[in-house]
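Quick notes on the structure that follows.
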Amino acid sequence: MKRVLALILGLMIMVGGATACSSSGKSTNAATSASQASAGHASQSASAANASCAQAGTRKIPKTRLLADLGLTYGAFQRYLYKPYKAGAFQKGANGRTKALIKAGLASAAIVKLLSNASKNAAADPTLCKYVPNINNIKSSLSTLTGKVKDGSASTTEIDGTSNLFGQLKNATGFTPSNNASLPGLS
């Protein structure tokens with residue numbers, strides 16, 4: 001009985017999250033829109049973001065909160081969307097497809113919420129405000145991708161495009177360690 005209730009609750013959350021995530025429409029190509037959004041809309045988004053950014057910190061520990069939100073979103077994207085897609089779990093007729101879709105839907109809803117939090121945390125600090133457009137690009141790309149995964153029409157370029165947006169944000173923020181970086185005390 002508990003499993004049935006958990007499944008029903010999970011499906012309701014997935015349908016709600018997928019509906020919210022896929023509202024951007026199915027007519028755009030995620031990879032194309034992701035690359036165009038990062039290149040063409042960056043200047044428009046940057047000026048809009050600077051207008052809505054706080055002049056002084058309005059949230060407690062926004063940098064730490066931003067880092068936590070982005071880390072969780074990247075981890076959830078990799079675990080529940082990127083790796084299952086690469087393994088073929090979302091293809092029609094795949095073994096365990098329903099389970100993978102439920103997990104992806106729930107993860108997508110959580111990712112969108114965490115990206116919204118990250119955007120608010122970045123906008124609350126003048127030094128972090130420049131990352132708001134990148135965060136919004138990831139959110140819109142993910143919304144399109146989620147609808148396509150649900151329909152079974154997602155392509156490798158679309159999932160790689162969203163993954164590349166995460167990579168661009170990591171590089172822009174400086175969270176990518178150098179190749180020869182090592183942990184202190186370990187050689």
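More than 12 non-hydrogen atoms from other residues, nucleotides or ligands lie less than 6.0 angstrom from NZ of Lys86. A 6.0 Å sphere centred on CZ of Phe166 holds more than 12 heavy atoms belonging to other residues, nucleotides or ligands. For Gln78, the CD atom sits in a packed shell: over 12 heavy atoms of surrounding residues, nucleotides or ligands are nearer than 6.0 Å.
Counting only heavy atoms from C-beta outward, the side chains of Lys99 and Lys103 approach each other to under 4.5 Å. Side-chain contact between Leu142 and Leu81 is present, with heavy atoms from C-beta onward closer than 4.5 Å. Under the 4.5 Å side-chain criterion, counting only non-hydrogen atoms from C-beta, Ile135 is not in contact with Asp69.
The backbone N or O of Ala154 lies less than 3.5 Å from a partner atom in the side chain of Tyr85, making a donor-acceptor pair. Ser119 places no side-chain N or O within donor-acceptor distance of the main-chain N or O of Leu115, the cut-off being under 3.5 Å. The closest donor-acceptor contact from the side chain of Ser163 to the backbone of Asp160 lies at 3.5 Å or more, if one exists at all.
Between the OG atom of Ser116 and the CG atom of Asn136 there is a distance of 8.0 Å, given to the nearest 0.5 Å. Atom CG of Leu70 is separated from atom CD1 of Ile111 by 11.5 Å, given to the nearest 0.5 angstrom. If you take CG on Leu67 and NZ on Lys63, they are separated by 11.5 Å, rounding to the nearest 0.5 Å. Put simply, CD1 on Ile159 and CZ on Phe90 are 6.5 Å apart, with the number rounded to the nearest 0.5 Å. In this structure, CD1 on Ile138 lies 10.5 Å from OH on Tyr74, to the nearest 0.5 angstrom. With rounding to the nearest 0.5 angstrom, the CG atom of Asn164 is 10.5 Å from the OG1 atom of Thr157.
Smallest separation of non-hydrogen atoms from Val132 and Ala123: CG2-N, 3.8 Å. Across Gly88 and Ala94, no two heavy atoms sit closer than the pair O-CB, 3.4 Å. Nearest heavy atoms, Tyr80 versus Ala104: O-CB, 3.6 Å. In plain terms, the two heavy atoms of Arg97 and Lys150 that are nearest each other are NH2-O, 3.9 Å. Closest non-hydrogen pair, Asn134 versus Gln168, comes out as ND2-O, 4.4 Å.
Leu114 and Leu169 sit in two unconnected hydrophobic clusters of ILVMFWY residues. Membership requires side-chain heavy atoms under 4.5 Å apart, directly or through other members.
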